[in-house]
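Let me begin by presenting the structure, written as structure tokens, before commenting on it.
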Amino acid sequence: MDGMPDEGPDDFDAVIYGAGPVGAAVAIGLKQHGYRVCVREKRTEHQVVIDAGKSINLSLSTRGVALLTEIGVYDRLTPTLIPMVARRFSDGSTERYREPLLSINRNLLTIKLIEAAQAAGVDFEYATGYAAGDVDAATGNVRLGAGRQCKPRVIVGCDGV
């Protein structure tokens with residue numbers, strides 16, 4: 001992976017593997033701290049928007065709300081949140097939650113986070129993901145799509161990497 005340019009469009013400070021809720025949120029946070037960020041996702045853009053994960057709904061705690069607020073996405077989600085105060089078990093008993101929780105559709109959360117990341121200037125490479133040999137541990141170089149490469153300061157694996 002020699003011959004990498006010192007500056008240019010492929011000179012990313014961070015490469016993130018996985019465009020799910022965690023990868024997209026990390027990308028936004030890094031971008032807000034001045035990093036040039038590339039997210040590599042194994043699914044196509046269409047698959048991410050249509051099928052953003054196995055679970056249908058996620059529960060947001062106060063920590064999740066704080067994170068989404070900090071990265072500027074929470075206000076876009078509030079119309080879709082459903083308050084959860086307790087859960088019911090198969091035997092008919094219930095348990096009240098210790099803190100207020102909010103239910104959110106996982107696909108919607110993922111889409112809104114990706115939209116916010118793209119609006120902030122994060123680059124996304126779909127249908128790429130992680131492949132063996134993409135990261136050269138000896139040099140710190142990372143292989144990108146179309147024969148490109150970079151030497152990021154941060155590499156994050158949010159996709160089973």
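As a basis for the values below, the full set of heavy atoms in this structure was taken, side chains included, without hydrogen atoms, waters or symmetry mates.
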Point-to-point distance, once rounded to the nearest 0.5 Å, from [atom1] of [X] to [atom2] of [Y]:
| X | Y | atom1 | atom2 | value |
| --- | --- | --- | --- | --- |
| Asn57 | Ser103 | CG | OG | 3.5 Å |
| Thr94 | Arg87 | OG1 | CZ | 10.5 Å |
| Asn107 | Lys112 | CG | NZ | 13.0 Å |
| Ile28 | Gln118 | CD1 | CD | 10.0 Å |
| Gln149 | Asn141 | CD | CG | 5.5 Å |
| Leu109 | Ile104 | CG | CD1 | 4.5 Å |

Test item: Glu41 side-chain N/O and Ala19 main-chain N/O as donor-acceptor pair under 3.5 Å: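 Looks like yes, one N/O pair under 3.5 Å.
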Donor-acceptor contact present, side-chain Lys31 to main-chain Arg36, <3.5 Å: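 Judged by distance alone, no pair lies under 3.5 Å.
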Which residues share a ring-ring contact (aromatic ring centres under 6.0 Å, His included) with Tyr126, sequence neighbours left out: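 With neighbours one apart ignored, the set is Phe124.
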Name every donor-acceptor pair, under 3.5 Å, that has one atom in a side chain of residues 67-86 and the other anywhere in the protein, sequence neighbours excluded.
unit_1 : atom_1 : unit_2 : atom_2 : d
Thr69  : OG1    : Val65  : O      : 2.7
Thr78  : OG1    : Asp75  : O      : 3.2
Thr80  : OG1    : Leu77  : O      : 2.7

Glu99/Arg63 salt bridge by N-O under 4.0 Å criterion: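 A salt bridge is absent here (no side-chain N lies under 4.0 Å from a carboxylate O).
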Verdict with reasoning, Tyr17 to Val135, per side chain to side chain contact (heavy atoms under 4.5 Å, CB included): CA-CA 11 Å; Tyr17 291 94; Val135 178; 3.9 Å; yes
Co-members of Phe89 in a cluster of I, L, V, M, F, W and Y side chains, linked at under 4.5 Å: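 So far as hydrophobic clustering goes, Phe89 is joined with none.
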Face-on cation placement of Arg153 at Tyr35 ring, 6.0 Å and 45° thresholds: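 Geometry flag: set, cation within 6.0 Å and 45°.
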Qualifying residue for side-chain contact (heavy atoms from CB on, under 4.5 Å) with Cys38, from Ile16, Thr128, Leu144, Asp13: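 Result for side-chain contact (heavy atoms from CB on, under 4.5 Å) with Cys38: Leu144.
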